[in-house]
Amino acid sequence: MAPASASDDEPSGPPAALSQSLERGLAILSAFTSAGPLLGVADLSRAVGLNRSTTYRYVATLASLGYVQQDADTRKYALGPRVIDLGFAALSSMEVTRVAHRHLQALSDETGYAASMAVLDGPDIVYVERCRSRRTAGVAVDLNLHVGSRLPAYCTSMGKVLLAHREPVALRTLLDRTDLARRGPKTIVAREQLMAALARVRQSGIAVSDEELAPGLRSIAAPVRDRTGHVVAAINVAAHLTTWTTSLDSLVARLEGPLQRTAAEISTRMGYRPVFE
């Protein structure tokens with residue numbers, strides 16, 4: 001029998017040249033953001049550095065495959081359903097979401113509030129899991145949030161956790177790309193104040209958002225670590241002033257214990273073992 005090759009899926013020999021067409025197509029898809037969900041051919045041409053005719057050919061191909069779709073009124077393009085399918089497939093394949101679901105549902109049932117998990121994607125967070133309490137209807141405080149929703153990291157509790165644990169150079173790069181716009185009555189809009197808040201998150205192990213994302217919305221978040229100790233996700237519990245009218249400190253006092261315990265349980269399932277000195 002002939003000896004098996006190193007891989008049945010990959011060609012032997014030196015790596016083949018990268019596909020420029022694939023790279024350009026992916027660059028076009030990456031040009032769509034939450035700040036620019038609708039883009040014309042001219043917008044895309046500028047974003048990817050190609051002339052308009054070349055850009056149009058790529059866009060037409062992507063549209064024919066369902067990765068972008070054209071708005072009938074504006075004639076501009078948006079991401080299509082095939083991209084959504086890929087995104088959900090990626091989310092469902094993430095180890096941390098498979099590990100976390102049962103623990104987040106238990107946290108939500110224990111506290112009576114929605115419990116979520118998010119990861120960092122550039123200057124934004126992306127929700128990868130979300131559970132609602134089965135023991136109480138509660139009050140809708142989620143701003144229509146669901147798996148796949150994106151929010152600016154700087155004004156959310158989970159975003160603060162994830163930003164706080166980035167390397168200093170990477171953090172500066174992310175903040176350079178962030179518009180510290182006011183989203184709620186208490187949004188931190190000064191970079192120096194945000195940096196100080198992130199330092200407190202690193203020290204305390206939790207982050208709080210007190211009406212920074214939206215009026216009346218409060219949340220508390222904690223980090224999830226992998227086997228190497230790196231923070232790979234954050235979880236939070238969110239409450240609204242209509243359901244918790246007392247002080248922020250009292251809310252933290254009630255929720256911090258269950259939240260920290262849940263974060264530790266998920267981290268342990270991810271292989272994390274804290275080192276005690």
Side-chain angles (χ1 to χ4, degrees), residues 32-38 87 91 104-105 107-108 110-133 136-164 174-175 177-198 200-201 204 206-224 233-256 258-259 262-263:
F32 293 93
T33 66
S34 57
L38 273 176
L91 292 175
L104 285 178
Q105 187 63 64
L107 176 63
S108 181
E110 178 181 355
T111 62
Y113 297 109
S116 305
M117 171 180 279
V119 297
L120 194 65
D121 182 21
D124 297 335
I125 61 169
V126 179
Y127 279 71
V128 296
E129 189 59 89
R130 187 159 174 82
C131 298
R132 296 176 182 275
S133 173
T136 178
V139 176
V141 300
D142 59 5
L143 306 179
N144 197 30
L145 296 174
H146 50 79
V147 172
S149 291
R150 303 177 71 94
L151 288 172
Y154 73 96
C155 57
T156 62
S157 59
M158 290 190 288
K160 288 182 186 178
V161 165
L162 295 167
L163 290 175
L174 287 175
L175 294 183
R177 297 167 53 192
T178 300
D179 176 19
L180 299 180
R182 187 170 299 281
R183 300 286 296 257
K186 299 181 182 178
T187 307
I188 299 175
V189 295
R191 181 161 172 161
E192 297 78 11
Q193 293 178 1
L194 179 60
M195 292 294 288
L198 297 181
R200 291 193 294 272
V201 172
S204 67
I206 63 166
V208 173
S209 176
D210 181 18
E211 295 191 274
E212 295 174 46
L213 176 64
L217 184 60
R218 290 170 164 174
S219 65
I220 174 174
V224 172
I235 63 171
N236 85 345
V237 178
H240 199 273
L241 287 176
T242 54
T243 61
W244 190 272
T245 57
T246 55
S247 70
L248 177 64
D249 288 343
S250 65
L251 179 67
V252 173
R254 176 188 169 186
L255 297 180
E256 181 178 1
L259 178 74
T262 302

ask   = Taking atom CD1 of Ile206 and atom CG of Asn236, what is their separation to the nearest 0.5 Å?
value = 12.0 Å

request  = Give the minimum heavy-atom separation between Leu180 and Ile188, together with the two atoms involved.
outcome  = CB-O, 4.3 Å

key: Side-chain donor-acceptor pair present, Ser116, Arg130, cut-off under 3.5 Å   = yes

ask   = Considering all heavy atoms of both residues, which atom of Leu198 and which atom of Lys160 are nearest to each other, and what is their separation?
value = CD2-O, 3.4 Å

inquiry  = Looking at Leu151, is its backbone amide N or carbonyl O close enough to the side chain of Tyr127 to form a donor-acceptor pair, meaning the two atoms are under 3.5 Å apart?
reply    = no

ask   = When Leu162 is tested against each of Asp121, Leu174, Ile125 for side-chain contact (heavy atoms from CB on, under 4.5 Å), which residue passes?
value = Ile125

task = Tell me, with the steps shown, if Leu213 and Cys155 meet side-chain contact (heavy atoms from CB on, under 4.5 Å).
result = CA-CA 5 Å; Leu213 176 64; Cys155 57; 3.9 Å; yes

query = Nearest heavy-atom pair of Ala207 and Val161: which atoms, and what distance?
reply = CB-CG2, 3.6 Å

request  = Indicate yes or no for a side-chain donor-acceptor contact from Ser108 to the backbone of Ser133 under 3.5 Å, with no hydrogens or angles considered.
outcome  = yes

inquiry  = Using every non-hydrogen atom in the two residues, find where Ser209 and Thr156 come nearest and quote the distance to one decimal.
reply    = CB-C, 4.1 Å

inquiry  = Given 3.5 Å as the limit, does a donor-acceptor pair link the side chain of Glu211 with the main chain of Leu217, or not?
reply    = no

inquiry  = Under a 3.5 Å distance rule, please check whether Thr187 uses its side chain to pair with a backbone N or O of Val189 as donor and acceptor.
reply    = no

inquiry  = To the closest 0.5 Å, what do you measure between CD (Glu129) and CG (Leu104)?
reply    = 6.0 Å

note = Taken to the nearest 0.5 Å, the spacing of Ser157 OG from Ile235 CD1 works out to 10.0 Å

key: Exam field: side chain Arg254 to backbone Thr111, donor-acceptor pair closer than 3.5 Å   = yes

request  = For Leu107 and Val237, run side-chain contact (heavy atoms from CB on, under 4.5 Å): C-alpha distance rounded to whole Å, both residues' side-chain angles, the deciding distance at 0.1 Å, then the answer.
outcome  = CA-CA 8 Å; Leu107 176 63; Val237 178; 3.6 Å; yes

query = Got a donor-acceptor contact below 3.5 angstrom from the Thr262 side chain to the Pro258 backbone?
reply = yes

key: Shortest non-hydrogen contact between Arg218 and Asp210, atoms and distance   = NE-OD1, 3.0 Å

ask   = Quick one: OH on Tyr154 to CD on Glu212, what's the gap to the nearest 0.5 Å?
value = 9.5 Å

remark   = Closest heavy-atom pair, Ala263 versus Ala222, reported as atoms and distance to 0.1 Å, is CB-CB, 4.0 Å

